[in-house]
Amino acid sequence: MTEERLMDKIIDVCLRRGFISQTAEIYGGAGGFYEYGPLGTLMRQKIIDLWRQSFVLDEDRVFEIKGSVLMPESVFQASGHLDSFDDPLVQCEKCKSMFKADELIKKITGKTAEGLPLDDLDELIKENQIACPNCQGGLSKARQFNLMFKTEIGSTGGINGYLRPETAQNIFINFKRLAAFMRNKLPFGIAQTGPSFRNEISPRNFIIRVREFEQMEIEMFYDPEKENEHPRFDEVADLEINIVTREMQEKGWEKPMQVSAGVAVAEGVIPNQYLAYYLAMEAEMMRALGIPDTEFWFRHMQDHEAPHYSIGNFDLEANLSIGHMEIVGNALRTDYDLMKHAKASKSSFEIVVDNKKIVPHVAEPSLGVDRILYTVLEKCFREDERGWTWFQFPTIVAPLEVAVYPLMKKDGLAELAYEIHSELKDAGYLSFYDESGKIGKRYARADEIGIPYCITIDYETKDKYTVTMRDRDSMKQIRIPTEDLEVVLGELMEGESEFDEFSEINKE
RNA sequence: GCGCUAAUAGUCUAGUGGUAUGACUUCGGCUUUCCAAGCCGACAACCCGGGUUCAAUUCCCGGUUGGCGCACCA
């Protein structure tokens, strides 16, 4: 196939129409960093708003915080993030185990190798014929893994600081105050959105694998004894989700298992209600964003794939043109983080439940804004045989919601159209006004960036106080009284009425 | 991070040891009473640094960024 890749087509539109571009482009760029333009920013905000509404504001015992992006070394020392990745590592070519090069050399030879350059470490490994301690396999060359961005805090560089590799840590280290705010009663959740940073070895695939990314996370704290007493689980129990179990992965499989959240917990497919609740919520959110059920599943990660803090991840994987890609991670972090921070900070993170002191367990849905946004772009992308493209965005994620056009500039139509546009903006719609060129071209421009509705003002608007409204997906047009415009638009956007319910006007 | 490969207007491209082709887009004008029409005009580019050369966008070296493969991916 010499056909242009879907991702390239999407990148093309993103560049031309103000969605996304590379950071520091005029200076040659910086790998793994992207800038969101006017339309990209509007979409991002809508995705975050949608999440905030259903995952935070609709809940009684979930609150959002905003933590610091840069934190002192001690935080990541305790969390375990620093341990494995601030040192030169070697990897076994055979069993793929990773080892700290300097520690391995010291263990075998007794010589201190700390702080040596990579070449010297390689030399020592070769000289002493050091092999993999597990399987005796050959070792790779030493490599520096700085997966966290390091800096110094204070003008004289008093202590080391790191950009956070996940937003979650702010929540764990503030646990005492947050628990007090929640009056030391379980369950409760703390949410956070914001940027996280990972100095990826090899950024790839546009905004999929990047070094700065936006997360939407919740740490849901619950009593492990009551892991199947989620207060609102019955509201999602009947929702269907697609799951790929570990067993299916071992035996081979063709289609994911479709099962309701309730049945999945009852049959032990998903470990508990707290995790299952979020899988169901995420599936609902994906559907709302225009990503069909058939295009994603939740995969139970194999043991060796799960992060160091999780006893089992269910990742939401989307069926993208570049293969299945994790766009949401759902982890069971148990009491791992609270225990680590309690020990390191000499604090106590216990909560009294039924006269017993317990350390809460944590279920964590971690959604990547950038990856979700890219998935929306791919799944809403449409192209016809002429090569014209458009985005079939649901209104809830469309960067602009309505475009207002005068059929022509003259005879006062432009002024009238601008007035209607202003009123729509005042009413809270994301409206866009354009009077240049021919009407057909303006429709095409609107389609390309996925504006769901276009309003055209013509002579009948002046004479009979009606406007035409054009539906992006069907290209059908209806004529409605100007005074009904805001209401009709609202009903269409909320899905309370269908475009077909209104009388269609015939095209020439 | 390794290997291969590429880099020319906003986008896609042609081409060259003597400053660069075309299309689309954008903007202005004419035309135009509902789906990228037409006509006129305008704006706008050789990734960065060094070397060779009288002269480098072109050749060489290094870097950056992208793509593919491997590896990695909390």
Side-chain angles (χ1 to χ4, degrees), chain A residues 4-5 7-9 11-18 21-33 37 76 79-85 88-89 91 93 96 98 118 140-148 164-166 168-169 196 198-206 208-211 213 215 301 305-310 313 322 325-326 329 331 333 336-337 364 366 384 386-390 405-411 413 436-448 454-462 467-472 475-477 479 505-508:
Chain A
E4 199 186 356
R5 301 184 326 148
M7 183 176 273
D8 290 333
K9 293 178 184 179
I11 291 172
D12 181 271
V13 181
C14 284
L15 290 172
R16 284 188 295 103
R17 300 304 307 271
S21 63
Q22 242 206 316
T23 294
E25 232 181 338
I26 63 165
Y27 293 111
F33 294 95
F76 304 109
S79 70
H81 287 99
L82 200 55
D83 262 0
S84 332
F85 291 112
L89 299 185
Q91 185 176 30
E93 314 265 3
K96 305 291 179 196
M98 306 280 279
L118 296 180
S140 72
K141 286 195 163 184
R143 285 180 296 191
Q144 195 75 37
F145 280 73
N146 285 322
L147 257 59
M148 284 196 293
R164 65 184 179 198
E166 56 169 353
Q169 293 306 321
S196 291
R198 294 175 195 173
N199 202 355
E200 294 286 350
I201 295 166
S202 172
R204 285 285 164 96
N205 290 323
F206 196 38
I208 295 294
R209 169 84 61 86
V210 286
R211 292 189 165 125
F213 55 101
Q215 290 190 297
M301 290 176 93
E305 295 177 302
H308 66 268
Y309 51 66
S310 177
N313 257 54
I322 51 170
M325 182 59 60
E326 172 204 342
R333 300 182 76 130
Y336 177 89
D337 300 273
E364 176 199 66
S366 175
D384 68 12
R386 293 168 296 195
W388 297 354
T389 72
W390 71 98
Y405 303 142
L407 186 57
M408 291 185 302
K409 281 189 224 178
K410 58 185 181 183
D411 298 331
L413 292 182
S436 73
K438 287 194 68 172
I439 191 75
K441 186 150 191 174
R442 283 178 260 159
Y443 288 150
R445 277 200 286 237
D447 289 345
E448 191 181 35
C454 292
I455 310 297
T456 299
I457 277 61
D458 57 15
Y459 290 96
E460 279 189 48
T461 313
K462 288 178 78 177
V467 298
T468 59
M469 184 186 280
R470 172 187 178 272
D471 176 50
R472 174 197 62 203
M475 288 171 57
K476 284 180 183 167
Q477 297 193 91
R479 184 166 280 280
I505 53 173
N506 293 321
K507 287 196 287 182
E508 293 287 324

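Because the structure is predicted, anything quoted here is derived from the model rather than measured.
- Taking side-chain N and O atoms only, A/Gln22 has a distance below 4.0 Å to OP1 or OP2 of B/G66.
- To the nearest 0.5 Å, atom CH2 of residue A/Trp390 and atom CZ of residue A/Arg472 are 10.0 Å apart.
- Between A/Tyr443 and A/Tyr405, the ring planes lie tilted relative to each other; the angle falls in the 30° to 60° range.
- For B/C46, there is no paired base (Watson-Crick or G-U wobble, both distances below 3.5 Å).
- Rounded to an integer number of Å, the gap from A/Leu407 CG to B/C35 C1' is 11 Å.
- A distance of about 34 Å separates the P atoms of B/U16 and B/A37, rounded to the whole Å.
- Between A/Lys441 and the phosphate of B/U25, there is a side-chain N or O to OP1/OP2 separation shorter than 4.0 Å.
- No donor-acceptor contact under 3.5 angstrom links the side chains of A/Asp337 and A/Tyr309, judged on distance only.
- B/C59 and B/G51 make up a base pair, with Watson-Crick or G-U wobble contacts both under 3.5 Å.
- For the pair A/Lys409 NZ and B/C30 P, the interatomic distance rounds to 8 Å; values are reported in whole Å.
- When rounded to the nearest whole Å, the span between CE of A/Met475 and C1' of B/A36 equals 11 Å.
- Using a 90° window around 0 for the glycosidic torsion, B/U11 falls outside it and is classed as anti.
- Rounding to the nearest 0.5 Å places CZ of A/Arg442 at 12.0 Å from CZ of A/Arg470.
- Residues satisfying the ring-ring contact (aromatic ring centres under 6.0 Å, His included) criterion with A/Tyr336, sequence neighbours excluded, are A/His308.
- Every residue meeting the salt bridge (Lys or Arg N to Asp or Glu O under 4.0 Å) condition with A/Asp458, not counting sequence neighbours, appears here in chain and number order: A/Arg479.
- In this model, a side-chain donor or acceptor of A/Tyr443 finds a partner on the base of B/C34 within 3.5 Å.
- Residue A/Arg442 is classed as having no contact, given no heavy-atom separation below 4.0 Å to the nucleic acid.
- Here the separation of B/G15 from B/U8, taken at their P atoms, is 14 Å to the nearest Å.
- Atom CZ of A/Phe213 and atom P of B/C73 are 14 Å apart (whole Å).
- The side chain of A/Asp12 lies closest to B/U11, out of B/A74, B/U11, B/U26.
- Checking A/Phe33 against A/Glu25, the closest nucleotide of RNA chain B that is more toward the 5' end is the one next to A/Glu25.
- A distance of 4.5 Å separates CD of A/Glu448 from CZ of A/Arg16, quoted to the nearest 0.5 Å.
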Please produce a list of atom pairs where a protein N or O lies less than 3.5 Å from an N or O of nucleotides 67-70 of chain B.
{"from": "B/G67", "atom 1": "OP1", "to": "A/Asn205", "atom 2": "N", "distance (Å)": "3.3"}
{"from": "B/C68", "atom 1": "OP1", "to": "A/Arg5", "atom 2": "NH1", "distance (Å)": "2.7"}
{"from": "B/C68", "atom 1": "N4", "to": "A/Arg204", "atom 2": "NH2", "distance (Å)": "3.2"}
{"from": "B/G69", "atom 1": "O6", "to": "A/Arg204", "atom 2": "NH2", "distance (Å)": "2.8"}
{"from": "B/C70", "atom 1": "N4", "to": "A/Arg204", "atom 2": "NH2", "distance (Å)": "3.4"}

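- Nucleic acid contact class of A/Arg209 (heavy atoms, under 4.0 Å, all strands): base.
- The partner of B/C70, taking Watson-Crick or G-U wobble pairs whose two distances both stay under 3.5 Å, is B/G1.
- Taking atom P on both nucleotides, B/A7 is separated from B/C46 by 15 Å, rounded to a whole Å.
- Within the nucleic acid shown, A/Gly18 has no heavy atom closer than 4.0 Å to any nucleic acid atom.
- Using the Watson-Crick or G-U wobble rule with both distances under 3.5 Å, B/U21 pairs with nothing in any strand shown.
- Distance CZ (A/Arg211) to C1' (B/G1): 11 Å, rounded to an integer number of Å.
- A stacked arrangement is not assigned to A/His308 and the six-membered base ring of B/A74, the conditions of a centre distance below 5.5 Å and an interplanar angle below 30° not being jointly met.
- Across B/U52 and B/A56, the matching P atoms stand 11 Å from one another, rounded to whole Å.
- Using Watson-Crick or G-U wobble geometry with both donor-acceptor distances under 3.5 Å, B/C34 finds no partner in any strand shown.
- Both A/Val467 and A/Gly29 lie close to RNA chain B; mapped to their nearest nucleotides by heavy-atom distance, the more 5′-ward contact belongs to A/Val467.
- The listed nucleotides are B/A74, B/C34, B/A36; the one nearest the side chain of A/Ala444 is B/A36.
- Counting non-hydrogen atoms under 4.0 angstrom, A/Tyr309 reaches the backbone sugars and phosphates but no base.
- Residues A/Thr23 and A/Arg211 bring no donor and acceptor atom of their side chains to less than 3.5 Å of each other.
- Straight-line distance from the CG atom of A/Leu147 to the P atom of B/A71: 17 Å, rounded to whole Å.
- The phosphate of B/A74 (OP1 or OP2) has no side-chain N or O of A/Arg164 nearer than 4.0 angstrom.
- Across all strands shown, B/G28 forms a Watson-Crick or G-U wobble pair, both distances under 3.5 Å, with B/C40.
- Taking atom P in both B/C4 and B/A42, the straight-line distance is 47 Å, to the nearest Å.
- Checking B/C73, B/A74, B/C35 against every side-chain atom of A/Glu200, the shortest atom distance belongs to B/C73.
- The two atoms that bring A/Ala30 and A/Gln22 nearest to each other are O-NE2, 3.5 Å, heavy atoms only.
- A straight line from CZ of A/Arg445 to P of B/U25 spans 9 Å, rounded to a whole angstrom.
- With both pairing distances under 3.5 Å, B/U64 is matched to B/A7 as a Watson-Crick or G-U wobble pair.
- What separates CZ of A/Arg17 from P of B/C24 is a distance of 17 Å, to the nearest Å.
- Atoms NZ and CG, on A/Lys476 and A/Asp471 in that order, are 8.5 Å from each other to the nearest 0.5 Å.
- At a cut-off of 3.5 angstrom, counting only N and O atoms as typed in the model, there is no donor on one side facing an acceptor on the other between the side-chain of A/Arg470 and the base of B/C34.
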